[in-house]
Amino acid sequence: MPLRLATWNINSVRLRIGLVAKLVDEHAPDVLCLQETKCADDHFPLNDIRKLGYAHVAIHGQKGYHGVATFSRFPFVTTAKERWADKDDARHLATTFAAGPLEGVTLHNFYVPAGGDEPDPTINPKFAHKLQFVRELHQWSERIAETDARIMVGDLNIAPDPSDVWSHKQLLRVVSHTPVETEGLDAMRLAGRWVDAVRAHVPHPEKLYSWWSYRAADWEASDRGRRLDHVWASEDVAARSTGVEILKAARGWDRPSDHVPVIVTFG
DNA sequence: ATGGTCGCTAAGCGA
């Protein structure tokens, strides 16, 4: 029985709980990771989540900003809510499956800082913070490089390759696709022996996006997207991934998130 | 050309 794992930057879980239900109704993920829930833990709509069939939940939120949540039809234990880049932001949640097809696998759910607009860490503290976060992800990846049975998903806020953006040239100085970010993410992936489970099924140079700006007059016509949302795995787990879907249609749902769900199936 | 739109929480910030 395969397992379907979805990751989605929902941009407010309370505003879009109906879209979460729509995703579950139409695509039936067994495991669902959300980012940017923007909701303190005591206000999280957990009853709705349980009604959707997720008996196992882990939430790590804060009021108004950031926030990550992991739901599963299979049992897990929460193993970490780490502190990153010298801030108490709710940007990481680790869970380890106790049963089911991914028993023993640790799932890391991340929301990497966006980094502001100015791609210069000396004048933009938000960009400096993002780069520090990526450096810490690199160091963490090095520490766990020899371990198996791991997945990391989430909004990494970096589109690493030219085929992950609508225009490589026009985005080279735009935060999310600057060389210091894309090289930093590549170095982290190599240091951790991570496999990009999405690109394993849709190789470069096919264009692939998971985010389209709210500011476009017509997001679909202009199609100026970026692939900011990722599913990576250690080699043993990646070898079990059998397919991927990026739900572009979700960008056209009523009052959508600017990100769409990414679903990877594991056999 | 240097915007444009969202969501939070109540004018401005973060994305």
Side-chain angles (χ1 to χ4, degrees), chain A residues 7-23 33-45 48 59-69 84-92 109-121 123-134 153-160 164-167 169-178 180-182 185 209-230 247-262:
Chain A
T7 180
W8 193 12
N9 178 318
I10 191 67
N11 188 16
S12 173
V13 68
R14 283 179 291 180
L15 189 68
R16 283 186 245 284
I17 190 67
L19 294 190
V20 174
K22 183 175 171 69
L23 170 71
C33 296
L34 299 180
Q35 303 86 34
E36 246 194 309
T37 52
K38 292 187 170 177
C39 174
D41 290 351
D42 55 355
H43 288 100
F44 203 101
D48 298 279
I59 56 176
H60 184 202
Q62 63 186 86
K63 184 179 178 180
Y65 300 99
H66 322 314
V68 288
W84 296 85
D86 300 323
K87 286 182 189 277
D88 290 318
D89 294 353
R91 295 183 180 275
H92 173 236
N109 180 357
F110 279 104
Y111 176 47
V112 172
D117 288 331
E118 178 56 57
D120 180 348
I123 60 173
N124 174 9
K126 290 199 282 286
F127 194 61
H129 176 235
K130 181 180 196 175
L131 296 183
Q132 181 183 347
F133 202 108
V134 173
V153 306
D155 177 5
L156 304 186
N157 263 315
I158 297 173
D164 295 327
V165 292
W166 66 276
S167 169
K169 189 171 179 211
Q170 288 180 257
L171 287 170
L172 273 172
R173 280 169 292 281
V174 174
V175 170
S176 73
H177 193 63
T178 64
V180 65
E181 293 169 273
T182 59
L185 200 67
Y209 315 136
S210 65
W211 174 89
W212 291 261
S213 173
Y214 282 129
R215 296 179 187 175
D218 184 334
W219 71 274
E220 195 166 23
S222 58
D223 198 25
R224 294 184 170 188
R226 307 177 200 170
R227 190 171 70 106
L228 305 178
D229 302 275
H230 300 272
L247 304 183
K248 183 176 181 179
R251 185 62 179 77
W253 289 352
D254 188 42
R255 296 201 75 185
S257 170
D258 45 354
H259 296 251
V260 300
V262 178

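Because only heavy atoms are used, hydrogens play no part in the values below, and waters and symmetry mates are left out as well, while side chains stay in. All figures in this text were calculated on a predicted structure; none of them were measured in a lab. Residue numbers start from 1 in every chain, and the chains themselves are labelled A, B, ... in the order their sequence lines are given, proteins ahead of strands.
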Inset, instruction - Could you check which of B/dT5, B/dA15, B/dG14 has an atom nearest any side-chain atom of A/Y214? - result: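 Side chain of A/Y214 sits closest to B/dT5.
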Looking only at side-chain N and O atoms, does [X] come under 4.0 Å of OP1 or OP2 in [N]?
X	N	result
A/K63	B/dC8	no
A/R16	B/dG7	yes
A/R14	B/dC8	no

Inset, instruction - Only counting residues at least two apart or in another chain, list the ones meeting side-chain contact (heavy atoms from CB on, under 4.5 Å) with A/D88. - result: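 side-chain contact (heavy atoms from CB on, under 4.5 Å) list for A/D88, sorted by chain: A/R83.
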Atom [atom1] of [X] to atom [atom2] of [N]: distance rounded to whole Å?
X	N	atom1	atom2	value
A/W211	B/dA15	CH2	C1'	9 Å
A/Q62	B/dG14	CD	P	12 Å
A/E118	B/dA15	CD	C1'	16 Å
A/N124	B/dG14	CG	C1'	12 Å
A/Y65	B/dG12	OH	P	13 Å
A/N9	B/dG7	CG	P	12 Å
A/W219	B/dT5	CH2	P	18 Å
A/D89	B/dA15	CG	C1'	13 Å

Legend entry - Those residues that, when tested against A/H177, pass ring pair (Phe, Tyr, Trp, His ring centres under 6.0 Å) (two or more places apart):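 Applying ring pair (Phe, Tyr, Trp, His ring centres under 6.0 Å) to A/H177 gives A/H168.
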Inset, instruction - Select from A/A216 and A/G115 the residue whose nearest nucleotide in DNA chain B is closer to the 5' end of that strand. - result: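 Whichever sits nearer the 5' end wins; that is A/A216.
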Legend entry - DNA chain B: 5'-proximal contact among A/P256 and A/A114 (nearest heavy atom):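 Checking each residue's closest nucleotide, the 5'-ward one belongs to A/P256.
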Legend entry - Exercise: do A/W212 and A/D258 side chains pair donor with acceptor under 3.5 Å: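 Judged by distance alone, the side chains do not pair up.
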Inset, instruction - Compute whether any side-chain donor of one residue and acceptor of the other, for A/Y209 and A/D229, lie under 3.5 angstrom apart. - result: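 Result is no, nothing qualifies.
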Inset, instruction - Decide whether a cation-pi geometry holds between A/R224 and A/W166; the criteria are a distance under 6.0 Å from NZ or CZ to the six-membered ring centre and an angle within 45° of the ring axis. - result: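 Satisfied, under 6.0 Å and within 45°.
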Inset, instruction - Using the P atom as the reference point in each nucleotide, state the distance between B/dG14 and B/dT2 in Å, no decimals. - result: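 That atom pair is separated by 24 Å.
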Legend entry - Separation of the C1' atoms in B/dG12 and B/dA1, to the nearest angstrom: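 Going atom to atom, C1' in each nucleotide, I get 25 Å.
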Legend entry - Sugar-phosphate only, base, or nothing, as touched by A/H66 at under 4.0 Å among non-hydrogen atoms: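 A/H66: backbone/sugar contact only, no base atoms under 4.0 Å.
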